[in-house]
Amino acid sequence: MSKRTMARHAILAAAAYGAAQAAWAAGYQLELQSIRAQGSSNAGSAEAADPSAIFYNPAGLTQLDSSQLTVGADIVVPHSAFSGSAATRNDIFGNSAPVSPAGGGGRYAKTAVAPHFYLAHRLNEQLTAGVGVYAPFGAKIKYDDDFAGRYYGSAIDLKSIAINPSIALKLSEQHSIGFGVTAQYMDAVLEKKLSFVSSEPDSRIRVTGDDWGYGFNLGYLFTPTSDTRIGVAYRSFIKHTLRGNARYSVPGTPVSQLVKGTGALDDSDSSVDLTTPETLTLHAYQQLDSRWAIMGDVTWSRHSRFQSLVIEMPTAQDPDRKATDKLEWKNSWRASLGASYRLDGQWTLRGGYMYDHSPVSDSRYAQPLMPDSDRQMLSLGASYRIDEHNTVDVAYSYLKFKEAAIDRSANNYDGSSTDRPGTLHGRYRSHANLLGIGLTHKF
């Protein structure tokens, strides 16, 4: 095989692999759809105390005693560090060499804001309708230019918004059901670096894509007494085809221009099929006395759909240009326990703990653009009743990720003998502070 052909195949693999990273990061599911729920670490799904029941269990809308509006937002301040033990790169001639420079990427996880909005209208004593607008998925990471894993990914900015109209019916004093439909928009931007020979500056690829997808959610709420609520909720998967483009920035150095001349760096359209996971939730709420209440939630997520991602980036010269990135995700679960205490007629205090099991199955499939791992959340929250129409909610959460290893190599990239990325070995340490504030207005 000629050096020119080798160069073309190698860069095709690297470019398509970068697109795979962007699509994979859509698996980063946010758990910030209600400030009141955050105060108990998302244990309060069955509490159904405000219109955010649209997200957690639409049947809970029947528990509202009036038409209500809830708005809120969380600021997420992450603190993450990468320490690499080894990193190599493969040049266009198949030679392997240590990555240089090979830094830790700096403060790569960026501060982000997650807003939400819910409106519920009580049509009569049996029927309540509403709509929710929230951000279900997101990721915002940008590494320094000298990051050791920059050939696997250097930046991602993933945004999403879901519009979720719902309706709830009170069948009897004990039984309620709810149904909603979801229109979900996703937009992703990814950047990664490319290296042809160690003596020349890196090239860069920037991949974009967006799409609307549609799904539904169902809920059932059993209220055996006025103090007890038990619920089950299901949220469907949503299929997306993120369509956009791939654009290259190439230095004017000799080898880089030679590779560009092969057509391997031709800009193109890009697409990836992506399905977000369905979830099944069981939750309960118990009012112990006039002041104390306890609550719990267990959620199962079907992440096992993410076994691999196939990224299409066809060109006129190579209409079959694509790459497959192995993910090997597994189904995961999350459990939360919480409590609330009514201090007086104005103040209610909350607290809770959550354990969230990561879908990442093995360090061989870990991703630099979404260094996920098992996590724990501790939360405190409070509600202040300003008057009979308005209540302010605040919450603080500390999110701690288990230390995560990454051991990427050519063995977990599905390409030809010349389509092999380098290796990346290291560890991620992460935690985050989450601060939210919201307002509920009763009409």
Side-chain angles (χ1 to χ4, degrees), residues 26-34 37 40-64 116 118 120 127-137 160-172 174-186 212-224 228-240 274-285 295-306 329-338 354-357 359:
Y28 185 45
Q29 191 168 8
L30 299 174
E31 303 295 343
L32 300 171
Q33 278 76 39
S34 165
S40 62
S41 289
N42 294 314
S45 299
E47 183 178 8
D50 63 34
S52 65
I54 290 169
F55 175 82
Y56 295 100
N57 184 340
L61 289 174
T62 61
Q63 302 300 304
L64 304 182
H116 57 258
Y118 301 96
L127 201 62
T128 303
V131 63
V133 182
Y134 49 85
F137 298 92
S160 68
I161 186 170
I163 304 171
N164 190 182
S166 303
I167 193 164
L169 176 63
K170 190 174 186 178
L171 301 174
S172 68
Q174 294 184 323
H175 303 281
S176 298
I177 58 174
F179 172 76
V181 295
T182 304
Q184 181 173 278
Y185 176 75
M186 301 188 74
W212 282 93
Y214 305 93
F216 65 93
N217 62 317
L218 303 168
Y220 166 72
L221 191 66
F222 175 53
T223 311
T228 304
R229 296 173 204 140
I230 302 170
V232 61
Y234 170 81
R235 182 168 292 276
S236 76
F237 61 84
I238 296 180
K239 292 184 176 181
H240 287 278
L274 173 68
T275 302
T276 60
E278 62 263 54
T279 60
L280 182 65
T281 302
L282 178 66
H283 36 259
Y285 174 87
M295 58 207 77
D297 177 291
V298 177
T299 297
W300 173 85
S301 298
R302 189 182 177 185
H303 287 290
S304 60
R305 294 181 183 275
F306 289 103
W329 273 22
K330 59 186 178 182
N331 297 330
S332 66
W333 57 272
R334 183 188 77 229
S336 301
L337 289 173
M354 179 185 77
Y355 183 86
D356 193 355
H357 189 236

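Throughout, numbering of the chain's residues begins at 1 and tracks the sequence. Computed from heavy atoms alone, side chains included, the values below leave out hydrogens, waters and symmetry copies.
- The aromatic rings of H175 and F222 sit parallel to each other, their planes meeting at less than 30°, with 60° as the upper class boundary.
- Between W333 and Y355, the ring planes are tilted. Angles from 30° to 60° get that label.
- The two atoms that bring Y134 and P136 nearest to each other are O-CD, 3.3 Å, heavy atoms only.
- The CG atom of L61 lies 10.0 Å from the CG atom of L127; values are rounded to the nearest 0.5 Å.
- Side-chain atoms of R305 never come within 3.5 Å of backbone atoms of T276 as a donor-acceptor pair (strictly under, hydrogens ignored).
- Judged by distance alone, with hydrogens and angles left aside, the side-chain atoms of N164 form no donor-acceptor pair with the main-chain N or O of V131 at under 3.5 Å.
- By the side chain to side chain donor-acceptor pair (under 3.5 Å) test, T281 is found to be paired with T299, residues two or more places apart in sequence or in another chain being considered.
- Contact record, A59 with S176: CB-O, 3.6 Å, taken as the closest heavy-atom pair.
- With 3.5 Å as the limit, one finds no donor-acceptor pair spanning the side chains of D50 and Y118.
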In sequence, state the C-alpha distance, the side-chain angles, and the governing distance for M186 and I238, and then conclude on side chain to side chain contact (heavy atoms under 4.5 Å, CB included). CA-CA 11 Å; M186 301 188 74; I238 296 180; over 6 Å; no
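- With R334 contributing its side chain and D297 its backbone, the two residues share no donor-acceptor pair below 3.5 Å.
- In terms of heavy-atom proximity, S166 sits nearest to G180 at OG-CA, 3.7 Å.
- Rounding to the nearest 0.5 angstrom, the gap separating the CZ atom in R302 from the OG1 atom in T275 is 10.0 Å.
- In this structure, CD on E278 lies 10.0 Å from NE2 on H303, to the nearest 0.5 angstrom.
- Counting only distance, with no hydrogens or angles, the side chain of N217 and the backbone of N57 share no donor-acceptor pair below 3.5 Å.
- Ring orientation note: the planes of Y234 and F216 are tilted relative to one another, at an angle of 30° to 60°.
- Side-chain contact between L280 and V232 is present, with at least one heavy-atom pair separated by less than 4.5 Å.
- When every heavy atom of Q174 is checked against every heavy atom of P224, the shortest pair comes out as NE2-O, 3.4 Å.
- Counting heavy atoms of neighbouring residues, nucleotides and ligands inside a 6.0 Å radius, atom NZ of K330 exceeds 12 of them.
- The two residues P58 and G178 have their closest heavy-atom pair at CG-C, 3.7 Å.
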Test L274 against F306 for side chain to side chain contact (heavy atoms under 4.5 Å, CB included), laying out the working first. CA-CA 8 Å; L274 173 68; F306 289 103; 3.1 Å; yes
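- The heavy-atom pair separating S336 from M354 by the smallest distance is OG-CG, 3.3 Å.
- If you take OH on Y285 and CG on L221, they are separated by 12.0 Å, rounding to the nearest 0.5 Å.
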Set out, in order, the CA-CA distance, both residues' side-chain angles and the distance that settles side chain to side chain contact (heavy atoms under 4.5 Å, CB included) for S40 and M295, then state yes or no. CA-CA 8 Å; S40 62; M295 58 207 77; 4.0 Å; yes
Kindly determine whether F55 and S34 satisfy side chain to side chain contact (heavy atoms under 4.5 Å, CB included), including the steps that lead there. CA-CA 9 Å; F55 175 82; S34 165; over 6 Å; no
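- The distance from atom CD of E47 to atom NE2 of H283, rounded to the nearest 0.5 Å, is 11.5 Å.
- No donor-acceptor distance shorter than 3.5 angstrom exists from the side chain of S301 to the backbone of S332, with no hydrogens or angles considered.
- Checking side-chain atoms of Q33 against main-chain N and O of A135 turns up a donor-acceptor pair under 3.5 Å.
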